[in-house]
There are 2 protein chains.
Amino acid sequence: MRTTDMPLIRRSRLFAQVGEPDLAAMLTACFVQTLPDGAVLCRQGEKAEFLHVVLSGRVGLFGEAARDEALVEFLGPGDAFIVPAVVLDVPYLLTARLLDEGRILMWPAAAFRAQVRATGQLAYGAVLLLSGYWRTLIGQIKDLKLLSAIERLSAFLLALAPRDTGPVTVTLPGGRRLVAGRLGITPQSLSRAFAALRPLGVSGGGREVVIADPARLREFAGVRALKNT
Amino acid sequence: MRTTDMPLIRRSRLFAQVGEPDLAAMLTACFVQTLPDGAVLCRQGEKAEFLHVVLSGRVGLFGEAARDEALVEFLGPGDAFIVPAVVLDVPYLLTARLLDEGRILMWPAAAFRAQVRATGQLAYGAVLLLSGYWRTLIGQIKDLKLLSAIERLSAFLLALAPRDTGPVTVTLPGGRRLVAGRLGITPQSLSRAFAALRPLGVSGGGREVVIADPARLREFAGVRALKNT
DNA sequence: CGGGTTACTTGACGTGAATCAAGCCCGATA
DNA sequence: TATCGGGCTTGATTCACGTCAAGTAACCCG
């Protein structure tokens with residue numbers, strides 16, 4: 001573990017409430033790995049061996065079916081996964097794959113389970129982290145059930161931008177193929193959705209997307225001011 | 001609070017780890033209400049006032065959009081909601097409505113926040129509870145993204161039945177309209193999906209559904225043995 | 001510089017599910 | 001008993017999105 005990792009570890013909600021000495025003690029059981037783009041951290045259906053905390057790089061969580069797979073969520077530095085599988089000691093529901101080269105904190109499952117049961121601050125951190133995830137997942141389910149593909153793309157782009165801003169450039173968290181999976185559509189449909197938003201001031205080039213008028217886009221997305229409320 | 005409520009309270013994962021005296025102390029801040037069918041417990045967009053724990057009856061969690069609403073999840077005795085909104089002190093993402101007459105434990109938000117921060121066992125219970133919810137939500141997202149309406153219905157019915165069983169009768173957690181919402185389809189499509197499953201041995205009458213051959217249904221649902229793994 | 005690979009876009013077409021619209025069943029009410 | 005109304009089913013039609021198939025652009029490697 002490098003000394004430069006500590007600030008990254010502290011940034012995670014999971015550890016926000018844990019005191020310095022306790023944290024140091026906990027981390028003796030852990031190690032950090034630098035892994036290449038495409039590395040698989042855990043595979044759907046396998047038993048949880050480690051809790052992973054992303055220190056740098058981005059990770060994609062994928063659900064796999066017969067001949068298909070769909071990206072469920074993007075994760076970045078500070079995110080921990082898969083807390084639920086580790087805590088409950090059951091198999092993973094998802095496959096996690098690095099989308100970049102990245103550094104990952106590895107925490108043996110049994111040690112983490114014991115710690116979270118013993119240390120109130122860590123459990124509280126886990127509650128905060130899981131609460132945040134619960135909300136993003138609920139948001140995604142609502143989007144899938146209530147919104148069209150174009151509206152979902154609008155909402156997704158707006159969520160990448162700061163609130164109440166003028167023209168902005170946002171950076172997609174992955175290639176178009178991955179974004180399409182996150183939105184629950186095919187890459188082709190995503191391409192068409194971007195085309196449909198172009199008259200509304202969304203001009204895309206590669207991974208950078210310019211939103212000329214966020215207010216107009218927000219209005220179009222259906223009166224969705226309640227989105228993150 | 002009635003004495004008959006205590007066993008129900010103990011059944012919830014949230015309190016499983018909390019010792020008897022601590023529990024009694026915590027509950028002094030709470031009260032229990034019996035509410036009629038259709039009562040709204042919290043409304044999307046409002047600030048969290050109470051944590052609710054279902055003691056009896058069933059509750060539906062609904063997402064609301066412009067002119068539409070969709071059932072996101074059914075809850076029953078032992079379930080607590082909306083922990084994330086209460087813990088993070090942010091507005092609800094969902095509206096909760098009683099589907100039956102039911103008894104609900106009401107826990108003032110500020111008191112719960114303080115308790116969960118102070119009491120490791122309670123925080124740990126919350127971690128367990130949220131971990132379970134995380135997994136059901138992930139399952140639902142995977143279903144929405146990867147499965148057709150008919151496959152989703154199959155998976156949903158199978159999840160209601162005990163594993164590895166012969167012919168069974170399952171009870172839907174709500175009317176067809178609600179089940180359709182949970183599956184992300186319209187009631188008409190649900191009706192057609194049931195019709196499509198009839199040749200596979202699914203015969204429905206009202207809220208009771210008979211699955212003549214769960215193994216065959218499971219195979220049909222796509223090689224989804226990994227569903228809850 | 002050429003050839004290949006990968007990522008994205010665009011077009012034509014098919015299909016699953018929504019929508020519109022009856023019709024049916026059954027329980028509640030007078 | 002007659003009438004009403006809500007929940008469910010069924011049929012016809014429409015539409016959003018998926019699928020299949022080119023086509024283009026950018027990048028890598030020989």
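Chain letters run A, B, ... following the sequence lines, proteins first, then strands; residues in each count from 1.
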Per B:Thr186 side chain, nearest of listed nucleotides C:dT10, D:dT19, C:dA18: C:dA18
Out of D:dC8, D:dT19, C:dT9, whichever nucleotide has its closest atom nearest the side chain of B:Arg176: D:dC8
Reported CG-to-OG distance for the pair B:Leu55 and B:Ser12, which is rounded to 0.5 angstrom: 9.0 Å
Any side-chain donor near an acceptor of the partner, A:Glu208 and A:Thr171, under 3.5 Å: yes
Value in whole Å for how far the C1' atom of D:dA16 lies from CD1 of A:Ile150: 9 Å
Rounded distance (Å) that lies between atom P of D:dG18 and atom NZ of B:Lys145: 12 Å
Between C1' of C:dT6 and CG of A:Leu178, the distance in whole Å: 14 Å
Cation-aromatic face contact B:Arg182/B:Phe74, 6.0 Å, 45 degrees: no
Gap between atoms CZ and P, on B:Arg152 and C:dA17 respectively (whole Å): 7 Å
Distance in angstrom units between A:Gln188 CD and C:dC13 C1', rounded: 13 Å
Touch class at under 4.0 angstrom, heavy-atom based, for B:Gly184 against every strand present: sugar-phosphate
Polar contact flag, side-chain donor to acceptor under 3.5 angstrom, A:Ser56-A:Arg103: no
Polar side chain donor-acceptor pair, A:Arg43 to A:Thr95, under 3.5 angstrom: no
Atom-pair distance (CG on A:Leu147; P on D:dA16), nearest Å: 14 Å
A:Ile185 CD1 to D:dC15 P, straight-line distance once rounded to whole Å: 20 Å
First of A:Ala149 and B:Ser189 reached from the 5' end of DNA chain D, by closest nucleotide: B:Ser189
Any N/O donor-acceptor pair, B:Arg177 side-chain to D:dG6 base, under 3.5 Å: no
Sugar-phosphate, base or nothing in reach of A:Leu190, heavy atoms under 4.0 Å: nothing
Under 3.5 Å donor-acceptor pair, B:Arg192 side-chain atoms to C:dT19 base atoms: yes
Nearest-Å distance for atom pair CG/P, residues B:Leu153 and D:dC8: 14 Å
